[in-house]
Structures are given as C-alpha cells and as structure tokens.
Amino acid sequence: METIIEMRGIRKAFPGVVANDNINLVVAPGEIHAILGENGAGKSTLMSILFGLYKADRGEIFLRGEPVSIDNPNDATRLGIGMVHQHFKLVHNFTVTENIVLGQEDRANGLIQLEEAKQKIIALSDQYGLKVNPDSLIEDISVGMQQRVEILKMLYRDADILIFDEPTAVLTPQEVQELINVMRELSNEGKTIILITHKLHEIKSIADRVTVLRKGAQVAVLDVATSSIADMAEAMVGRPVVFDLQKAESTPGDVVLSVRGLSVYSPVYKKNVVNDMTFDVRRGEILCIAGVEGNGQTQLIEAIAGLTESQGEVWLLGENISDDSIRERNLKGISHIPEDRHKHGLVLDFKLSNNLILQNYFEPPMQRRMMLNFSNINEFSASLIERFDVRSGKGIHTNTRSMSGGNQQKAIIAREVIRDTDLLIAVQPTRGLDVGAIEYIHQQLIAQRDQGKAVLMVSLELDEVLSVSDRILVMFEGNHMGEFDAATVSDSELGVAMAGGNR
Amino acid sequence: MKRWWQRSALAENELFVSSLSSVLAIVIGLLFGFLLMVVVSPSESIQGFRIILTGGFNDGLLSVGSMIVFATPLIFTGLSVAFAYRTGLFNIGASGQLMMGALAATAVGVPQWWRYEGELRIAMDNPFLQLGSWHWVAALLAALLAGALWGLIPGVLKAYFNVNEVVATIMLNYIAMFVNSLVITRYLFNSLIGRAFSVVPTALFPRMGMENIFTDGLRSSQANVSFFIAIFFVIVIYFVLNYTVFGYELKAVGFNRDAARYAGMNAKRNLMLSMMISGGLAGMGGASLYLFAGRNLDPVLQILPQGFDGIAIALLGLGSPIGVFFAGMFFSSLKVGGQFLQLLSFRIEIIDIIISVVIYLAALSLILNRLVLYVLKREKQ
Ligand SMILES: Nc1ncnc2c1ncn2[C@@H]1O[C@H](COP(=O)(O)OP(=O)(O)OP(=O)(O)O)[C@@H](O)[C@H]1O
Ligand SMILES: [Mg+2]
C-alpha cells in the first residue's frame, strides 16, 4: 500500500503515565483516517508528536516514504502538515486575515502586504465553502467561524496533511454538517485528513479507516465500511457499550427551582438575550433546555447561578435567592457544571486536588481553623478520582493543565455531583467525553434524579436531550418556546420550536 | 542511553529545574563580570573576582552587618512583588509604597513637626514622642499602613474600574515621589541639613546588641531588628500562601478570576486585600531603609530604586518567599562586595553590570528553563 504518513513504534511517556506506547499509525494518501480512544488514551499526544509539539521518546516518522525528523511546528508546516487544535490558537484582537498570515507574512519594503493575502484567503474560502469575513476581529466571530479560520490557516500554508483534534466538540449540529462537507471536499481534492473525534457516527459517515487507542496502546485498526458503531465502541472501551439508556419513569415531586420572569439584558446586543423566562424544576425530574447555540441558554444559567445580573426572580426551595451572592446560592443548594471548563470550571494552574476542593475548601474537614487540612483534602480528592475514574499522570498531584480534555471535564463533574445538593445544573456535561464516559455521566445524572434531586441540563445534542431528559424546554432568541414531554415529543416538533416557529 | 541525571526524578521536579535556571543566571552573570575585569585589568582580575564572590564577607563581621542592613529593604520589596505576583498581580509600585512607608515612619519618628498659621511657621512637638520605648513599633506600623493604603489605591482601581495595576502603580510611584517632597519640605524639614529631621533614638530600630557582634572593634554596622522582622514576614507570607484558606483563595483569584467567582469567592475583595498586603510589605521596607541612625529622608525628586530591585529579586527568587530571602541576600552581598572592588583599580559600576546581567537572564529564565530541561532530558542517540 502506498502511504503518506507512517509513524512507527512511537512511544511517549509523561511523568507517571505512558501516553503512547509503541503506536504504529499508517495513513494512505487522500484517506480520511480517524483516531478513536477514551479520554486520556493519547490521541492528542500522538498528533502533537506528528506536528512537532512533542518529541517522541522512541520511534520514527516517515512521510511519503522518507524518514523525517519533526522537531517543531515549523518543520511540520514545511512538510505540509497542518493542525487544528482541540483548543484554538488564535490571536483575539487580530483580524481573520492577520491570523491566517501570522508567521508567513509577505513583506515588501519592510511592510506587511495584506491585500494579496486577503485575495488568496477569499479564493480559498470560496473554493472549499469556508465562509469567513477576512476583516473581522477574531473576538467578534463565532466559534464555528474561528474554526474555519484555523482550517484556512492550514490551507494558506499549502498543507496537504490536515489534522483535526476534536473539531466537532464545539460546534452546533448544523456546523458539524458543514464541516463534514468541507472535509469531504478537501479529501476529494487529494488532501489527507486525520480526524480525532469521540462521535462514532461522524467516523461512520466520513472516515475510511480508524485507528483505536486504549490507555496509550494501539488496540485495533478498523475498516469503517465493514465495522459497526458498536464494534468501534467495543474496541475502544474493551467491553460492549450500552447505547440505550435504561431509565425508569420519572416521579416529579416538590418544586426545587422556580424561575419567574427572568430577563438578562446584554449591553453588546442592546436587547434582552434572556427574555421573561418562567419555569419550574421539580424533585425527581431532569429538565433539559434545548435550543441552537447562542439563544440565551448560557446567560439563563449564569443568571440562575448568580454569575450575571438579571431582572426577575429565582426561587430555590421556596426561598427567593435573587439577591443572594454566588456563594450563598451554592450553599443553599446549587451545584453547577459550567459550560466553559477552562473559564469557569477549573483553575488550570492548580494541581488536581486543589481543583477538586474548589467548592468546599472553606468548610471543615477541608479546613481547620482557616488552615487547609492536607490529609483530609488528599483523602477526599483521591476518593473522587477513584470513584469517577479521572485519569491522569500523577493522580491528585497532577497539574490540571496537563490533563486530557475529557478528564478535566470528569474532574468537574465529580466535584459538583459529590456535593449532593438539591439542584444540579449541568451545562453540556458530556462535551468532549468518550462514549464510555458519556454513558457513565448520563447514569450519574439519572441516579441524581432518582435520589430526589432536581436536575437542570443544557445540551445542544438532540440525541442527548431526548435520551436523558424527562421534560424539554426549548429556547429561541431568549424566549420560552414551550415545554415538551421527552417521551412523546417528535424530532420535528422540537426542530420547529428550536427554529423559532409556532410559538 | 540516558545519563544518570536524566533518569533521576530530578528532571521531573519543576522546582529543581527552575532553581537551576536561577543559579545558571547568577553563574553566567558572574562569569560575565569576570570577563569584564579581565578586559579592564587582567592582572587584578583574579583578586577582583574573589572579592565579588566573597561579597559581604570581605571585611569580616562588619561587612556581614552591612550586608544585612542592605538586604532588609530588598527582602521586603522582593516579598511585596512576589506576593502580588503569586496572586496574579504585577506590582510595579513597590517603590512608591516604600517611599510612602519611609515618609510615614519618619513622620512618626522625628522630634517635631512644622505647622502653619498663615505665613507663620511654628514648631510643634511630635505627639508620638510620648510612646517611649514603643516608639519604633509605632513608626513601623505607620510605614505598614501607609504602604498598604498606597497599595490599596491601585487595588480599588482594578477591582471596580478595571484599571490595569501596572499602569496605576507606575503612576503612583510618581505621585509618591511628589507627596514625599512636599511633605518633607513643608512639615518635616530641617533647614540645617536640607533634609528631614533626624529620627529620635527611641524611634530607631533596636540593635539588640548586634552592634557588638557586627563590628571590627572600631566601627560597628547598623544591623538591627528589622532584619529579623523581614525574616518573620518571609515565614508568614510563605505560610499564608501555602497553608491557609486565605492563601488558597488569593491564588485562585490570581490564576483565574472567573473560576474564583464561579466558586463563590469574592474576587474584588481578595484582589484589594492582596494589593494592600503587598503595599504594606513594601512600606515596611521603607521603614527599614530609614529608621537607623544617620539616615534622613531627602526631598529630592527621585524614585527610590529599592522597589524596582524588588522586581528583580522576586524574579530571581522564583516568586517564592524563601527564594526572595536568598535572592535579596545575594544582591546585597554583591553590592557590599562591590565597595571593596574600589580598593583595586575597578569601578563599582562593575557590580551594577553584573547585577543587570543577572536580572536580564532571570527575566529570560524561561529560555534558561528550556535549556536546563533540554540538557536534563536529551537522549544520547
Ligand atoms: N504536557 C503533559 N504533561 C504531562 N502529562 C500529559 C501532558 N499531555 C498529556 N499528558 C497525559 O497523557 C495522557 C494522554 O493525554 P492526551 O491529551 O493525549 O489524551 P487524549 O486521548 O487526547 O484525551 P481526550 O479525549 O480527553 O482529549 C493523559 O493521561 C494526560 O494526562
Ligand atoms: Mg485530546
């Protein structure tokens, strides 16, 4: 077989963990090759080695049959390799064009020539259907468009090997479809694509072959056409995965959270991004807020948690908490798995144990006479990572920044679920998690419900909305578009409401 | 095949790797100074280099005493900058806070103040004189408070108006300079010497018999209790940062304000407290600079450099209180050693050059860090 990339016997160890152990990755030219594996299996690490961000402890890389040494991203770029990272790397106060040419500027008389670059960008964006505005600032454009900028950045550098690290985790379903079309187009043009994703149906719909990693080792290379989703999941997790969530009928009890006429005004958009929302969440039920991204779900949750200012009332367990501080709300019974794990969820420069006590560091037994009690903290943290299977190199002493994306998310979920409060808010709780972990988190949410907790969830994934929740509330442009019974609602009914129809 | 040092756990120990880069900065700086001396005067270069290395020990205990005196304000300002840094703030204003501290300490310590009735200048007794042997404590506390208030201003500006603390503290350095000059010339001025009044003996830091230790029989150094106060605060800050709930909050706010807020911490309050503590430390540095015999505040328009040295010391000390202590002692040792260089045909500026090189390299410690890691981890093919 003709190959374009061959990574042979790659090994990479970090303190306390072997992230890649004797991996052999073989990719044919023009192929779309998926890489699948649980959180922390070593996917990002392997791609970082190919892109020159890490140096392998052992192993060789062959490109187009020639042995190469890739010591840094510049080498990779020169060899025609481009990468879109799990967390984007763009300069926020630069324009799209400036970001794309950064490091490859055309200079004449010492001045940067942007006009020509802009024409090339426009041509590329037309060719592949990557809609961007070359003059917008990065901070003003959506996540989906930022991703298109990252893709253009690779194409601008004439890359013909394109690496995507979990590109769809941050996209809306519509954007995912567009991205898949773009990838098809790129592949038709002869580009080789390596795609990391946790979503098996994406692999099924677009990839040719898939390399499966488990705990740093390569466990299978499968032909996508002849493998089922269940086959892939089993190869990855090492046991059959149950996709059908088992859950009993819900038995709603007393009202836990009551939101009354809540509005959030946005000075940027000069209008209410949450508009006069009224709803209840009861004990023993999971209410899911569904909607297309950017229709006020984020601000609604932040208003309930006290992170943003709002008009209207929030009642918890029969008490008006509208004027309470964030700390008071937390103590009165709100746990919150936040949408943005790097902004709100974690202090990345803390070690893991310090992040696990973020909600209870000020209470005994984590503290005694205002001094941190390290033996209790360590015991508590160790029990959490054990129970929630949070994997990392050095256990509770791991620097949180070095953890894999999915395991960071699991750490947050562990911290919030263990608090055992009456209301659990979970915003996109399974973003970036592998199927095994998603299954586990869903079971946890249902277990919370069955213990008589009220669960308020926000999700952009229709599958997740339909399988986990009991009741669905649709939001569109900040407005309440109606509530539906999850057991009986049809996809099309939801779709219409999410698009703002039939109020 | 890995070398033993590459196999050992040391290569994985962040503290070890970064300490090594600080040490490397110092070594390169010293070697550079040596090179310079070889160029200037080859015959004396070996002897000169020995003097630099011996530093504060050149003239026995007397110079050790000078080293201690010189190090004290540097440890305070280094601690001030390092503490702010660990809580996510860049305090460029340690100089201003130090000057306000020095001014407050002097105001409490001098025998008399001027007051004005119309154009008429009238002397009045300083009421603090009645404190007797507690006088110096009051002067120290005044310095602490003045520095803390001077630190609080940028803290408030940042918390409530989102004004960058770097800009605010730089501006406040200038304001402190003018306030100093104004207050000294108007209320504390001794026209005989053209400076502020001398501080009365009860307001000087007690020397606790150290004048009998750090002496060469004839002269004795001004070593005093303030050195031990600085060490005390090194320990306190180390303890607060690493072992207390308060320190945990401060660091969380410093690393990620949004996450701290999400977890219910009062980010604004913590930020202001942190600037106050940082300012208070620098303020005490001001007291330690002036509360000993023979020092008088000068109304010249000049920003005292100790605050800026504090930035370098915090950097070299890797932002850790213990590191700051050693870095401060090292700086001071170089400075004291430099004075002995003049016995040879070298100029004292060589020391400043060495210090500058060390500072630059410490600032570039990220690069040195990489170098150290590279050597530690490189595999021999
Ligand atoms: N810079 C680093 N320092 C220390 N350990 C690291 C570092 N980068 C990754 N690791 C560890 O290596 C392992 C593999 O991480 P990697 O990011 O490759 O996982 P992943 O397969 O991409 O997972 P995810 O799906 O969660 O993104 C993890 O255990 C992680 O903690
Ligand atoms: Mg990853």
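Order of the sequence lines sets the chain letters (A, B, ...), proteins ahead of strands, with each chain counted from 1.
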Measure the [atom1]-[atom2] distance between [X] and [Y] for me, rounded to the nearest 0.5 Å.
X      : Y      : atom1 : atom2 : result
A:L358 : B:M265 : CG    : CE    : 5.0 Å
B:T244 : A:Y361 : OG1   : OH    : 11.0 Å
B:E249 : A:F362 : CD    : CZ    : 8.5 Å

Exercise. Given a strict heavy-atom distance threshold of 4.5 Å, which part of B:N266 is in contact with chain A: side chain, backbone, both, or neither?
Worked result: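 For B:N266, there is no contact with chain A at all, as no heavy atom is under 4.5 Å.
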Return yes when atom [atom1] of [X] has more than 12 non-hydrogen atoms of other residues, nucleotides or ligands closer than 6.0 Å, and no otherwise.
X      : atom1 : result
B:Y160 : OH    : no
B:F326 : CZ    : no
A:F62  : CZ    : yes
A:N93  : CG    : yes
A:E139 : CD    : yes
A:R368 : CZ    : no

For this session: Just give me the residue among A:M366, A:Q367, A:K343 that pairs up with chain B most often, heavy atom to heavy atom, under 4.5 Å.
Result: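 Going by pairs under 4.5 Å, I would pick A:K343.
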Where does [X] contact chain B at under 4.5 Å (heavy atoms): side chain, backbone, both or neither?
X      : result
A:R415 : side chain
A:N354 : both
A:E363 : neither
A:H342 : backbone

For this session: Give a yes or no answer on whether the side chain of B:N256 reaches the backbone of A:L348 with a donor-acceptor pair at less than 3.5 Å.
Result: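 Looks like no, no N/O pair under 3.5 Å.
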Nearest heavy-atom neighbours spanning [X] and [Y]:
X      : Y      : answer
A:N330 : B:G264 : ND2-N, 4.3 Å
B:Y248 : A:I357 : OH-CG1, 3.5 Å
B:Y262 : A:P338 : OH-CD, 3.6 Å
A:I326 : B:R261 : CD1-O, 3.3 Å

Exercise. Which pairs pass side chain to side chain donor-acceptor pair (under 3.5 Å) with one or both residues in residues 318-329 of chain B, sequence neighbours excluded?
Worked result: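 Sorted result for residues 318-329 of chain B: empty, none.
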Exercise. Does the side chain to side chain contact (heavy atoms under 4.5 Å, CB included) test come out yes or no for B:Y243 and A:M370, once each step is laid out?
Worked result: CA-CA 9 Å; B:Y243 294 97; A:M370 296 319 276; over 6 Å; no
